[in-house]
Number of protein chains: 2
Amino acid sequence: MAAVNLKQLAKILNLSISTVSKALRNSHEIGYATKERVLAKAKEMDYTPNPFASGLRRNKSKTIAVVVPEVANNYFALAINGIERIAQENNYHVLIYLTHEDIEKEKGIMKHLENKRVDGVLMSVTMNTNNQTHLSDFQQKGIPIVFFDRICHEIETAKVTTDDYISGINATKHLIENECKDIAFLSLGDNISIMQKRKSGYLEELHKNNMEAKPERVVKCGNDDEMNYQLVKKLLTGINKPDGIFASVEKLAITTYQVCRELNINIPKDVKIICFSNLETASLLSPSLSTITQPAYNIGKTAAEVMFKYLDKNKTYIPNENIFLQSTLHIRESSQQIV
Amino acid sequence: MAAVNLKQLAKILNLSISTVSKALRNSHEIGYATKERVLAKAKEMDYTPNPFASGLRRNKSKTIAVVVPEVANNYFALAINGIERIAQENNYHVLIYLTHEDIEKEKGIMKHLENKRVDGVLMSVTMNTNNQTHLSDFQQKGIPIVFFDRICHEIETAKVTTDDYISGINATKHLIENECKDIAFLSLGDNISIMQKRKSGYLEELHKNNMEAKPERVVKCGNDDEMNYQLVKKLLTGINKPDGIFASVEKLAITTYQVCRELNINIPKDVKIICFSNLETASLLSPSLSTITQPAYNIGKTAAEVMFKYLDKNKTYIPNENIFLQSTLHIRESSQQIV
DNA sequence: AATATTTACGCAAACGATGTAGTAATTTAA
DNA sequence: TTAAATTACTACATCGTTTGCGTAAATATT
């Protein structure tokens, strides 16, 4: 029942606690025969070190935290997958925290993590994170952060993203090539860097094509699905509606599909759509959805790898570094000119 | 930089360590004025107790583990959402482990968790978990498990599921009502209880309608997507193909859609489909997908609540209990007779 | 053969928080 | 007025590991 500890193991083996401990950690101080004996007995008795005791002693938690806005989201789910994979390989444990895009919750979580419960944090900030003092404060405590996707520029550390600016350009260019004359951009808030980059790409490409960038074509959506629905509905109601939509995140594209269905707007005839998405069923939608797909799994994996690169070296300071992974454009029906 | 501890706080306050500790825990042994003073200073110095020290001393980790086959799955993602919500409310932390349907990985994870790293485990077993000794062994260590969805009957504890048997009946009945004469069942393995229940419902309803239950109509799919694709393709190739498909899990329905697209089989004209799914975009698919939707969020939430009910009471033994939550049938185009 | 070195182990002090048992000082009861 | 009880605190052992240091025996060096 009760887990066996070093003391019991030592008594049975007629050795001191420290000898047993050292034997298990394969210390050079211990003779070969003794090591063998200890190892065998430990296995037999199913000994496994108490993580709290060794954590306390060594000041190592063997745990990382993943802080993300949500998990019921293909992108983050895949990223977590990649992170968990690397963590398991490194014999680390993964704590998960969801902010639900609530900056106060994010602050609370970081506060909770300050006390060395974890050796490092991988995170994507909320769409409302415009102030980063809680993050720099956290770093001050000596726990490294690595950002992925929703990064925080002001914090000096490693950041793993895709090239959102280029993708923004490509998506917009694609819509223009398919005869869109009036393209709207559905943004998720406007604080976070990926939004600014995606929007920059969008604006840049409009400019390059001598198309007017009307402010009302940038729709600032948020975390409230119902509100987003109304915003998109408003955008697509009336005579003066756009003929192209670039949704910055998956859920806004889905909302757009739903609105179009309600308003009987035909995609892609009346309006063409492209979006950032990791939706598995994109090709099965009606019409199939054109996407910019981020290598979510690899982003998570890479972020974790960078983290462990420093944790292994016992470095708590991670120098600034921007790692870009490439997204892929999947052109499907929703964005194409019907010929 | 370094986190402040009780010793430092005590020195500054000119009190003993134990006084400070008790004051923070609001012990009746400490005078009101002293408590105030301690609390103020602790806040000022941003003191937060070391989780390893108190975990070691109190033999409490304030952490639960969630062990699931995967996270990039709408069902599990939503369940984790529910779990995380309740955990946060209880000031608990959530460790996540993915088995990827690998029984060996599951065993390894349970082994890793035996050493009191967590106070409890919420889990959905892999599709290959036919032997439960690693789970009963785990229970023996005094750490409670609560199952959700993919439960393990043989283990005595609380189990949260939907009524899969009834849902199996309802789905099959619905297909029959829509003129299906030859219904196939796509199973995910055949070990886990939800599969057996869903299949039982399917078989029962066939029997009730005097329809023959041909063994070759039960297709045992697995974890390999490509293999599943071939299995479904084989099922739908040739003259003698079913006119109804009941997919026991979401991904098999998606596979079926893909196969039908390749083989140019029309859903629902040639074959009707219904499946268990939490796919957000079910209604946007072409054709829209009929689903039995499980209350995934609430299942996770309920499982966590049951766990905390016992953890609060410091009970490590959870008596057998089966909690059923209701699924809802969403009839859409994929399963309906065209009139 | 005497000394130096290496080998293989044990002792004990951490790590930080908690809780039991004690102890003065004060208050209450007899 | 004195014993008993209460209040408000402190000392100390403890949780299970890790690790620096000490040391006896074995081996190597002169």
Side-chain angles (χ1 to χ4, degrees), chain A residues 1-39 41-42 45-63 91 114-119 141-142 314, chain B residues 1-39 41-42 45-63 91 114-119 141-142 314:
Chain A
M1 173 94 187
V4 51
N5 59 22
L6 278 187
K7 197 196 246 178
Q8 297 159 29
L9 203 52
K11 177 176 267 179
I12 288 178
L13 287 162
N14 234 332
L15 289 169
S16 76
I17 292 178
S18 51
T19 302
V20 177
S21 172
K22 287 170 185 168
L24 290 171
R25 317 198 104 255
N26 200 23
S27 161
H28 63 92
E29 290 183 59
I30 307 299
Y32 181 74
T34 310
K35 276 184 190 171
E36 289 283 282
R37 212 158 63 86
V38 170
L39 248 24
K41 202 68 181 176
M45 300 197 57
D46 213 20
Y47 168 78
T48 124
N50 180 307
F52 289 92
S54 52
L56 175 61
R57 182 59 226 253
R58 313 183 80 184
N59 202 25
K60 274 268 179 192
S61 64
K62 282 283 197 180
T63 306
N91 268 306
E114 274 181 3
N115 52 8
K116 302 301 254 167
R117 180 178 287 275
V118 296
D119 297 342
K141 301 280 176 174
N314 265 308
Chain B
M1 174 91 185
V4 52
N5 59 22
L6 278 188
K7 197 196 247 179
Q8 296 160 31
L9 247 184
K11 178 175 263 180
I12 289 176
L13 287 162
N14 232 332
L15 289 169
S16 77
I17 293 177
S18 45
T19 301
V20 176
S21 170
K22 287 171 186 168
L24 290 171
R25 318 196 103 253
N26 201 24
S27 159
H28 62 92
E29 290 181 59
I30 307 299
Y32 180 74
T34 311
K35 276 184 191 170
E36 289 283 281
R37 212 159 62 87
V38 171
L39 248 24
K41 203 67 180 179
M45 299 195 58
D46 213 19
Y47 169 78
T48 124
N50 180 307
F52 290 93
S54 50
L56 175 60
R57 184 59 225 253
R58 312 181 81 183
N59 203 25
K60 274 267 177 195
S61 64
K62 282 286 198 177
T63 306
N91 267 306
E114 273 180 4
N115 52 8
K116 303 301 257 169
R117 181 178 286 275
V118 296
D119 297 342
K141 301 279 177 176
N314 266 307

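What you are looking at is a predicted structure, and each value in this text was computed from that prediction instead of being measured. To find a chain, count down the sequence lines: A is the first, B the second, and so on, and within it residues start at 1. These values consider heavy atoms only, across backbone and side chains, with no hydrogens, waters or symmetry-generated copies.
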Rounded interatomic separation in angstrom, taking CZ from A:R117 and C1' from C:dA17: 14 Å
Check: B:D119 side chain, B:S61 main-chain N or O, donor-acceptor pair, under 3.5 Å: yes
B:N59 CG - C:dA17 C1' separation (whole Å): 14 Å
Sugar-phosphate, base or nothing in reach of B:S21, heavy atoms under 4.0 Å: base
Spacing of A:K7 atom NZ relative to D:dA13 atom P, expressed in whole Å: 14 Å
Separation of C:dC15 C1' from A:K116 NZ (nearest whole Å): 13 Å
Residue of the set A:N50, A:T48, A:D46, A:N5 for which side-chain hydrogen bond (donor to acceptor under 3.5 Å, both in side chains) holds with B:N115: A:T48
Side-chain H-bond candidate by donor/acceptor type, A:K35 with A:N26, under 3.5 Å: yes
Spacing of A:N5 atom CG relative to D:dG16 atom P, expressed in whole Å: 5 Å
Under-4.0 Å side-chain N/O to phosphate OP1/OP2 contact, B:N50 with C:dG16: no
Min side-chain heavy-atom separation B:K41-B:V20 under 4.5 Å: no
Separation of atom CD1 in A:I17 from atom P in C:dA13, rounded to whole Å: 14 Å
Side-chain (B:R37) to main-chain (B:L13) donor-acceptor, under 3.5 angstrom: yes
Sugar-phosphate, base or nothing in reach of A:S18, heavy atoms under 4.0 Å: base
Enumerate the protein-to-nucleotides 5-9 of chain C contacts in which both atoms are nitrogen or oxygen and the separation is below 3.5 Å.
{"from": "C:dC9", "atom 1": "OP1", "to": "A:T34", "atom 2": "OG1", "distance (Å)": "2.5"}
{"from": "C:dC9", "atom 1": "OP2", "to": "A:G31", "atom 2": "N", "distance (Å)": "2.7"}
{"from": "C:dC9", "atom 1": "OP2", "to": "A:T34", "atom 2": "OG1", "distance (Å)": "2.9"}
{"from": "C:dC9", "atom 1": "N4", "to": "A:E29", "atom 2": "OE1", "distance (Å)": "2.6"}

All pairs passing salt bridge (Lys or Arg N to Asp or Glu O under 4.0 Å) where residues 14-25 of chain B contributes a residue, at least two apart: B:K22-B:E29
Phosphate OP1/OP2 of D:dT19 contacted by A:R58 side-chain N/O (<4.0 Å): yes
Whole angstrom value for the distance that separates C1' of D:dC15 from CD of A:Q8: 13 Å
Worked check of side chain to side chain contact (heavy atoms under 4.5 Å, CB included) between A:L24 and A:L6: CA-CA 10 Å; A:L24 290 171; A:L6 278 187; 3.8 Å; yes
Atom-to-atom span, CZ of B:R25 to C1' of C:dA17 - whole angstrom: 9 Å
